[in-house]
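The first residue of the sequence shown is numbered 1, and numbering continues consecutively from there.
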Amino acid sequence: MLEDTKTVWTRLRETARSDKWIIGLSIVVVGGLILSGIHTVAALLFWLVWLTVLFNRSAGPRSPIPAIVPSATEPTDFGMLATALNALDTPILVVTPDETVLLQNQAAEKAFGTIPANTDLSARVRSPGILDMVRETIVTGKVNQIEHSERLPSEAVYIVRVAPAEMGSRPEERLYILSYRDISQARRIDRMRSDFVANASHELRTPLASLRGFIETLQGPARNDQKAHEKFLGIMHEQATRMSRLVDDLLSLSRLELKSHIAPDEAINLAPLLGHVRDALAPLAEDVGVEISLVVPEYPVVVQGDRDELTEVFENLIENACKYGQEGKRVEVLLSGGGDAPTEVSVTDHGPGIPAEHVPRITERFYRVNVEASRSKKGTGLGLAIVKHILTRHRARLLVQSEVGKGTVFTVRF
């Protein structure tokens, strides 16, 4: 008790010595309070509180609490490791030095099925390339990766990577993280791009070859043949027009791709728009002997969209129905929905129909059910691809129903 009292007085003297100017200032303030009319007892109480706060502030810091450092000998918490790996969308397997699968995350289970713990890796991974890569990493301790393709249950391409993970100070405590990065979509895009370039080159090569041949003929054997001039110039004009349509469609597709993520916000009344399209295509329908009937509700049916792009959609669909379904002599356009019901525009022809195996692919670029028929009708093979891109931007869908010998129905659903 006596020692504690001595300690307190020692600390008081040290505080008074180090903070003497603050104490002097406090005395001046208290004197001023008394002179200003404040009761002396109240002023003294204020001074004592000030000194108490000063004393507590100047008290020595408490001893820091020692940090708890986990022991190096503590076992690895595989539950926490599994929880962390489950948060990733990349399939991951954790493999031990004896090629045993210790655990897999949920993405791996979804991709490859359940692999029970302590299963030999070679029993579930049948790729010799992956197994050799893992064994090399186990021996050398170096990171490795390869590209791996699978055909079943569906075609997929992965970048498979294996890397060592130190879980302790001993070599037998090392684990190996086997990860699968899916690059299937990138490979598909690359293939589509190369196919597109090849198809576009082919489509342009044919009319260019025709133009070159006719020009050489006109410069040579048919130099003075007036009838040949008229005939060949007409064909050359047709081929040049075909190339112009192809280039215009390619540019249209490029523009659509640039703004595909921006949804249009203009309010469009579909009934008058469809009436305008029908009137614009009336001369074509008359030429091929087809009647276009339009049925619209009496109330306005309004959607959010771009007027020019929607006009292009319905012009493409109705024009195709007239050209390729002209045997049926009739094309029916029906507008329905509005309000709480989904808005739909269906274009029905009664022509030969589309075989079932072609239906899923008819919106691909340059895909044609009948190449000769398409070219004879001045098609570029890009019309339905443009329709699909426009409807994607409008957050709409294109539904196709067709039966050979009975006709086809194209439905745009907003």
Please check if the number of heavy atoms outside [X] that lie under 6.0 Å from its [atom1] is greater than 12.
X      : atom1 : answer
Glu147 : CD    : yes
Asp89  : CG    : no
Glu286 : CD    : no

Test side chain to side chain contact (heavy atoms under 4.5 Å, CB included) applied to Val313 and Leu391, step by step
CA-CA 8 Å; Val313 165; Leu391 294 182; 4.3 Å; yes

Considering all heavy atoms, the nearest [X]-[Y] contact:
X      : Y      : result
Asn316 : Gly383 : OD1-CA, 3.6 Å
Arg393 : Arg395 : O-NH1, 2.9 Å
Ile292 : Cys322 : CD1-SG, 3.8 Å
Arg161 : Ala163 : NH1-CB, 3.7 Å
Gly113 : Gln104 : O-NE2, 3.3 Å
Asp182 : Val157 : OD1-O, 3.2 Å

Do [X] and [Y] make a side-chain contact, defined as non-hydrogen atoms from C-beta onward lying under 4.5 Å apart?
X      : Y      : answer
Tyr176 : Pro97  : yes
Lys388 : Leu398 : no
Val160 : Gln145 : no
Phe214 : Leu233 : no
Val143 : Pro164 : yes
Leu270 : Phe314 : yes
Leu121 : Ile130 : no
Ile215 : Met236 : yes

I need the single residue from Val331, Thr411, Val345, Leu384 that forms a side-chain contact (heavy atoms from CB on, under 4.5 Å) with Leu317. Which is it?
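When side-chain contact (heavy atoms from CB on, under 4.5 Å) is applied between Leu317 and each of Val331, Thr411, Val345, Leu384, only Leu384 qualifies.
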
In terms of side-chain geometry, is the basic nitrogen of Lys227 or Glu230 positioned less than 4.0 Å from the acidic oxygen of its partner?
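Glu230 and Lys227: not salt-bridged.
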
Can you give me every donor-acceptor pair (side chain of residues 298-308, partner residue at least two apart or in another chain, under 3.5 Å) with its distance?
unit_1 : atom_1 : unit_2 : atom_2 : d
Tyr299 : OH     : Gly337 : O      : 3.0
Asp306 : OD1    : Asp308 : N      : 3.1
Asp306 : OD1    : Glu309 : N      : 3.0

What distance do [X] atom [atom1] and [Y] atom [atom2] have between them, rounded to the nearest 0.5 Å?
X      : Y      : atom1 : atom2 : result
Phe410 : Thr348 : CZ    : OG1   : 10.5 Å
Thr90  : Ile177 : OG1   : CD1   : 12.5 Å
Thr311 : Leu273 : OG1   : CG    : 4.0 Å
Ile138 : Asp98  : CD1   : CG    : 8.0 Å
Glu315 : Leu310 : CD    : CG    : 11.0 Å
Thr363 : Ile386 : OG1   : CD1   : 12.5 Å

Whether [X] side chain and [Y] backbone form a donor-acceptor pair below 3.5 Å:
X      : Y      : value
Thr217 : Gly213 : yes
His358 : Ile354 : no
Glu150 : Ala156 : no
Ser402 : Thr408 : no
Asp349 : Ala321 : no
Arg124 : Thr114 : yes

Using side chain to side chain contact (heavy atoms under 4.5 Å, CB included), reason through Glu312 and Ile390 one step at a time and then give a plain yes or no.
CA-CA 9 Å; Glu312 186 172 5; Ile390 292 176; 3.9 Å; yes

Between the side chains of Gln239 and His237, is a donor N or O closer than 3.5 angstrom to an acceptor N or O?
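No - no donor-acceptor pair under 3.5 Å links their side chains.
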
Check whether the side chains of Asn118 and Thr100 place a donor and an acceptor atom closer than 3.5 Å, and report yes or no.
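Note: Asn118 and Thr100 side chains miss the donor-acceptor criterion.
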
Which pairs, with at least one residue in residues 405-414 and sequence neighbours excluded, count as a salt bridge (charged side-chain N to carboxylate O under 4.0 Å, His left out)?
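Checked against salt bridge (charged side-chain N to carboxylate O under 4.0 Å, His left out) - neighbours excluded - the pairs reaching residues 405-414 are Glu344-Arg413, Glu403-Lys406.
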
Residue pair Glu99, Arg135: steps toward the side chain to side chain contact (heavy atoms under 4.5 Å, CB included) verdict:
CA-CA 8 Å; Glu99 299 183 31; Arg135 288 162 185 164; 3.1 Å; yes

Determine, step by step, whether Val333 and Val295 satisfy the side chain to side chain contact (heavy atoms under 4.5 Å, CB included) criterion, reporting the C-alpha distance in whole Å, the side-chain angles of both residues, the deciding distance to 0.1 Å, and the verdict.
CA-CA 6 Å; Val333 182; Val295 177; over 6 Å; no

For salt bridge (charged side-chain N to carboxylate O under 4.0 Å, His left out), just list the numbers for Arg330 and Glu332, CA-CA rounded to whole Å, side-chain angles, deciding distance to a tenth of an Å, and then say yes or no.
CA-CA 7 Å; Arg330 184 175 178 83; Glu332 300 160 0; 3.3 Å; yes

